[in-house]
Asks: 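What follows is a single structure, and I will ask about it in a moment.
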Amino acid sequence: METKYYHIDKIDKSLDKLKEAGNIIQEGGLVAFPTETVYGLGGDALNKQSAQKIYKAKGRPSDNPLIVHIAKVENFYSLINIVDRPQIQSVANKLIKHFWPGPLTIILPKADIVPYEITGGLETVAIRMPQNEIALKLIENSGGYIAAPSANISGKPSPTRGSDVLEDLEGKIELVLEAGESCIGLESTILDLTVIPPCLLRPGYVTVEMLQEVIGEVEIDPTILEMNEPTRAKAPGMKYKHYAPNAELVIVSGTQKAVTAYINEQIKVLHLDEKRIGVIHALEEEQVYLADVTKYVGERQNQDSIANNLYAVLREFDRENVDMIFSESFDTKGIGQAIMNRLIKAAGHQIKYVIE
Ligand code: TXA
Ligand code: MG
């Protein structure tokens, strides 16, 4: 299949292309599109065959459910079944009012119209209303419900540019809409509303503190930030290796002095074996590392910049042909929880703690 690649700059000048994209989805095809978090791989959420195509294109296990994206609150109510759960209703309403459109996904009991192919066989459905205007227009043109995982090959870092999507999915999907870099760069926060208190399953730009301010108590799934291999995963996606670059990645945590000393010692040893080594750092002076390739991921004082660049840096390393990558560790406050959650998964939970 030939994959079309359209640049969308201004929405009002791209209405024809967005119409064409909407038709592709309505006819059962797949379109990758920008959101404020990462690029999504969209298909008709009410069509079983579209779900199967999504799993196939990504190489994703079909028990790992998809998020349904909507553009209007009224469409939310057709996807869920909470007739006898007024408490859930009131929590959902508060969240919608505060955070939609935006990077928050909520999980609720599903209505019959949502096929089990979308939910990985579960009785619940994950729903979000993205903030990106192109995404909203596309959803509207597609009939109102787009199922979309991140538009990467399963296990790779999520795409933050249309060109990343092409790299992974060219020839496998009908169309990629390119609109430059995603502004957040990490996937949405996922909150399960089927339990009391609601439970955070995936950290994101909307932090626990922000959620607590709006709905009160929120539980955090213990597998988040767990340093060992998760033993019991509630969001089915949490049990798979994720976001990983080709080379082995190890996070090194400790004081800056101890971290640089440890990494440089390791590099010296690995160089004896002629290994090519990369370092991911937030330290301004990159020349402190003896690595073959160093990549600056962002400023510690500006966590958004780290969230923004993380996946791009992981992807860039796949083009550098390195044998091993060391990464500095980052603060876990605020969006830092999401940053470290993704980095730890990318490293397959390999963290080295160093002391001076
Ligand atoms: O920001 C995002 O959420 C992006 C953009 C494209 O919107 N999408 C995204 O989708 O990250 P994906 O498929 O890569 O991640 C969805 C996660 C998976 O971990 C999946 O297991 C979980 O959501 N999930 C979906 N439905 C669920 C459900 N009913 N119960 C528990 N977890 C669910
Ligand atoms: Mg994903």
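Index from 1, following the sequence. Numbering of ligands and ligand atoms starts at 1, following listing order.
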Asks: Report, in ascending order of atom number, the atoms of ligand 1 lying under 4.0 Å from any heavy atom of Asn64.
Replies: 18 (C), 20 (C), 21 (O)

Asks: Okay, side chain of Asp164, backbone of Arg161: is any donor-acceptor separation there less than 3.5 Å?
Replies: yes

Asks: Please state whether Lys110 comes within less than 4.0 angstrom of ligand 1, counting heavy atoms only.
Replies: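 For ligand 1, residue contact (heavy atoms, under 4.0 Å) with Lys110 is absent.
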
Asks: Has Asn308 got a side-chain atom pairing as donor or acceptor with Cys183's backbone, closer than 3.5 angstrom?
Replies: yes

Asks: Run Asp273 and Lys275 through salt bridge (charged side-chain N to carboxylate O under 4.0 Å, His left out) and show every step you take.
Replies: CA-CA 5 Å; Asp273 273 343; Lys275 299 281 190 218; 5.7 Å; no

Asks: Could you list the atoms of ligand 1 found under 4.0 angstrom from a heavy atom of Leu122?
Replies: 28 (C), 29 (N), 30 (N)

Asks: If you measure every N/O of Tyr39 against every N/O of ligand 1, is any gap under 3.5 Å?
Replies: no

Asks: Atom 29 (N) of ligand 1: which of Leu41, Thr124, Thr105 has the nearest heavy atom?
Replies: Thr124

Asks: Counting each atom of ligand 1 from 1 as listed, which ones have a heavy atom of His69 under 4.0 Å away?
Replies: 5 (C), 6 (C), 7 (O)

Asks: Tell me which one of Ala147, Pro65, Gly121 gets a heavy atom nearest to atom 24 (N) of ligand 1.
Replies: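 That would be Pro65.
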
Asks: From the options Ser188, Pro149, Ala135, select the one whose nearest heavy atom is closest to atom 2 (C) of ligand 1.
Replies: Ser188

Asks: Using a strict cut-off of 4.0 Å, indicate which atoms of ligand 1 neighbour a heavy atom of Ala126.
Replies: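 In order of numbering, the contacting atoms are 25 (C), 26 (N), 27 (C).
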
Asks: Checking Lys58 side chain against Asn152 main chain: does a donor-acceptor pair fall under 3.5 Å?
Replies: yes

Asks: Does any N or O atom in Thr35 lie less than 3.5 angstrom from one in ligand 1, N or O only?
Replies: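 Between Thr35 and ligand 1 (N or O atoms, distance only) the closest approach is not under 3.5 Å.
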
Asks: Between Lys58 and ligand 1, does any nitrogen or oxygen pair lie at a separation below 3.5 Å?
Replies: no

Asks: For Ser158 and Arg342, test the side chains for any donor-to-acceptor distance below 3.5 angstrom and give the result as yes or no.
Replies: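 No - no donor-acceptor pair under 3.5 Å links their side chains.
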
Asks: Ignoring hydrogens and geometry, is there a side-chain-to-backbone donor-acceptor pair from Tyr55 to Glu117 under 3.5 Å?
Replies: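 A pair under 3.5 Å: yes.
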
Asks: Under a heavy-atom criterion of less than 4.0 Å, does Ala148 contact ligand 1?
Replies: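 It does; at least one heavy atom falls under 4.0 Å.
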
Asks: Among Ile113, Ile146, Val68, find the residue that satisfies the side-chain contact (heavy atoms from CB on, under 4.5 Å) test when tested with Leu46.
Replies: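 For Leu46, the side-chain contact (heavy atoms from CB on, under 4.5 Å) test succeeds with only one of Ile113, Ile146, Val68, which is Ile113.
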
Asks: Has Ser150 got an N/O/S atom less than 2.8 Å from the Mg ion (ligand 2)?
Replies: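 Looking at Ser150, which is the residue asked about, there is an N, O or S atom under 2.8 Å from the Mg ion (ligand 2).
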
Asks: Considering all heavy atoms of both residues, which atom of Ala291 and which atom of Val279 are nearest to each other, and what is their separation?
Replies: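 Closest pair (atom of Ala291, atom of Val279, distance): CB-CG2, 3.6 Å.
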
Asks: Mind checking whether Glu36 contacts ligand 1 via backbone (N, CA, C, O), side chain (CB onward), both or neither, at a 4.0 Å heavy-atom cut-off?
Replies: neither

Asks: Under 4.0 Å from a heavy atom of Ile190: give me the atoms of ligand 1 that qualify, with their elements.
Replies: 17 (C), 22 (C), 23 (O)

Asks: Within a distance under 4.0 Å of any heavy atom of Gly40, pick out the atoms of ligand 1 and give their elements.
Replies: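 With Gly40 as reference, the close atoms of ligand 1 come out as 6 (C).
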
Asks: Looking at every non-hydrogen atom in both residues, tell me the closest pair between Gln49 and Asn47 and how far apart they are.
Replies: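 Answer, listing the atom of Gln49 first, then Asn47: N-OD1, 2.8 Å.
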
Asks: For His281 and Tyr296, take the angle between the two ring planes, folded into 0 to 90°, and tell me which bin it lands in: parallel under 30, tilted 30 to 60, perpendicular over 60.
Replies: tilted

Asks: Would you kindly specify which portion of Thr119 sits under 4.0 Å from ligand 1, judged on non-hydrogen atoms: side chain, backbone, both or neither?
Replies: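 It is neither; nothing of Thr119 touches ligand 1.
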
Asks: List ligand 1 atoms under 4.0 Å from Glu187, heavy atoms only on the residue side.
Replies: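 Counting atoms of ligand 1 from 1, those under 4.0 Å from Glu187 are 1 (O), 2 (C), 11 (O).
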
Asks: For residues Ala148 and His69, report the shortest heavy-atom separation together with the two atoms involved.
Replies: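 Heavy atoms only, the tightest pair is O-CE1, 3.1 Å.
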
